[in-house]
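Have a look at the structure below before the remarks.
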Amino acid sequence: MSEPTGVEINEKGESKKAQKKEAKKAEKAAKKAELRGNVENTQENIIQDDVSKGKYGNLPLIRSDVNAIKRNFTYVKALTKDLVGKQVWVRARLHTVRARGKQSFIVLRQREFTVQAILNVSETVSKAMVKFSSNITKESIVDIEAEVTEVAGGVAGCTQRDVELVVSQIWVVSTSAPQLPLQIEDASRPEKADDAEGLNIRVNQDTRLDNRVLDLRTSANQAIFRLEAGVCRLFRDTLTERGFTEIHTPKIISAASEGGANVFTVSYFKGSAYLAQSPQLYKQMAIAADFEKVFTVGAVFRAEDSNTHRHLTEFVGLDLEMAFNYHYHEVMLTIGDMFTAIFKGLRDQFAHEIAIVGQQYAVEAFTFLDPPLVLTYDDGRAMLAEAGVEIGPEDDLSTPAEKLLGRLVKAKFDTDFYMLDKYPLAVRPFYTMPDPNDPKKSNSYDMFMRGEEILSGAQRIHDPELLTERAKHHGIDIEKIAAYIDAFKYGCPPHAGGGIGLERVVMLYLGLENV
């Protein structure tokens, strides 16, 4: 018989200590259940008592339903002190958002324009609404109803500095993925070498190109594209006012435009065709067909593996051709005046866009003379010789020589744009008209912006016999260019023209480093 232990045992065989432990465990579980029930009840009450219910959330997908609610939206750029006290609806991207206590601060972006919106917990704005707004992902598109209020001290970092929006409704129209491959703020940072706030944060070019949709949302890129559109419009308007007709030329052709190897070959049913390197043949055909003055805007393709800051395998060509009476300078000076009109138009009509680009890149104001500066090729050679660079009378200018000459011209004449006339015949294409007084020179010209070529032009040979002779001199197979020569068989007026690369013009006007 064992001795008693002094420990009380219940009917289940449990000690008193174990009983107390189980009781505490049960009590703890009961309290948890009670707390959970209270939280659930509280959340239900919050939802039921949400004063902002029906004033925030995710809109259903917009599918052009005629019965959908229609609102009159105000553009962000129109949000000024004139609208203070008024209720407005704004649709924009959520640029940034930050929560602070019972407040949510949002920056809305519409193209390059930004405005601050604020949500405060109040009798009409619930905590749940503020929390919802602070959790909206960046780059989402939102509809906001708000009152325009004046901000005495100004809102730093926003284009609309004098006002902010006090939000009463916020709806998500289109949600952005939470993880962005690049941040718009990083892609928009100033790239000026002396900018202390640059923070050395850069978005690599390959990242930009791989995510072009996001990269194009930056204010600078938006402005650059509007400047490109401006150059096209000014090109068209200026030439149209001078009696030019716009034509549209083929881009899939049966033979290489300029007889060279730098051409893209494409499959064409059972045979092969080529992407046009230039619209020159068609411009000249139009002149031979008595159009007198023509221009075209369209894609140009060059199969050149030139990985430089200014070359593209596909670019937008601005080309023109014009008949003249006696001298090709009639055309050359017309082109020069056209550039002057474009430069004036950009300066006067796109100052806002130029300033935006200048906020991110070191843009130096473009200078030009009216009328434009014209130098001969020999003038350019003489200036280079004075600087210690010798160029032979029949040699072409190298890229470094062109850039140096551009700096010399800028220093002497204070212009970023000039024309260089009378190039050596040996460095020009076979269809270039020789100079009548010097067989080593030609009736050709190049035009430069900031020391880089942006147009190469000339008087074209319009006589089929001379054209054939020059083609043979260059070792070109006459059969391959027979269609080109035939265009001049039935009489053609003397004419000249040139081709311009749109992207290069914009790059050099702004002084950017890469096309």
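Here, residue 1 is the first one in the sequence, and each next residue gets the next number.
- The six-membered or imidazole ring of Phe295 lies near that of Phe235, with a centre-to-centre distance under 6.0 Å.
- Residues satisfying the side chain to side chain donor-acceptor pair (under 3.5 Å) test with Gln116, not counting sequence neighbours, are Glu164.
- Applying the salt bridge (Lys or Arg N to Asp or Glu O under 4.0 Å) test to residues at least two apart or on different chains, the pairs with a partner in residues 384-394 are Glu394-Lys440.
- Of the candidates Asp379, Thr376, Asn443, Lys422 forms a side-chain hydrogen bond (donor to acceptor under 3.5 Å, both in side chains) with just one, namely Asn443.
- Results of the salt bridge (Lys or Arg N to Asp or Glu O under 4.0 Å) test with Glu112 over Lys77, Arg226, Arg217, Arg93 single out Arg226 as the only residue that passes.
- Other residues, nucleotides and ligands contribute over 12 non-hydrogen atoms within 6.0 Å of the CZ atom of Phe73.
- We find the CZ-OG1 distance between Arg161 and Thr80 to be 15.0 Å, quoted to the nearest 0.5 Å.
- Of the inter-residue distances, the one linking Leu318 atom CG with Ile342 atom CD1 reads 7.0 Å to the nearest 0.5 angstrom.
- Scanning for ring-ring contact (aromatic ring centres under 6.0 Å, His included) contacts around Phe324 gives an empty result, with sequence neighbours left out.
- Rounding to the nearest 0.5 Å gives a distance of 10.0 Å between CZ of Arg91 and CH2 of Trp89.
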| message | Does Lys70 form a salt bridge (charged side-chain N to carboxylate O under 4.0 Å, His left out) with Asp65? I'd like the steps, not just the answer. | response | CA-CA 10 Å; Lys70 295 178 179 61; Asp65 186 351; over 6 Å; no
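- When the side chain to side chain donor-acceptor pair (under 3.5 Å) test is applied to Gln183, the partners found at least two apart in sequence or on another chain are Lys138.
- Note that the CD1 atom of Ile485 and the NZ atom of Lys480 stand 13.5 Å from one another [nearest 0.5 Å].
- The ring-ring contact (aromatic ring centres under 6.0 Å, His included) test applied to His248 returns no partner, not counting sequence neighbours.
- Ring orientation note: the planes of Phe113 and His352 are close to parallel, at an angle under 30° on the 30°/60° scale.
- Under the 30°/60° scheme for interplanar angles, the aromatic rings of Phe264 and Phe301 are found to stand perpendicular.
- Annotation: Phe339 is in aromatic contact with Phe417 [ring centroid separation under 6.0 Å].
- Residues passing the side chain to side chain donor-acceptor pair (under 3.5 Å) test with Asp162, sequence neighbours excluded: none.
- To the nearest 0.5 angstrom, Leu384 atom CG is 8.5 Å from Ser398 atom OG.
- Both the sub-6.0 Å distance and the 45° axial angle are not jointly satisfied by Arg470 relative to the ring of Phe430.
- Within 6.0 Å of CZ on Phe413 lie more than 12 heavy atoms contributed by other residues, nucleotides or ligands.
- Note that CD of Glu321 is 9.0 Å distant from CD1 of Ile247, once rounded to the nearest 0.5 Å.
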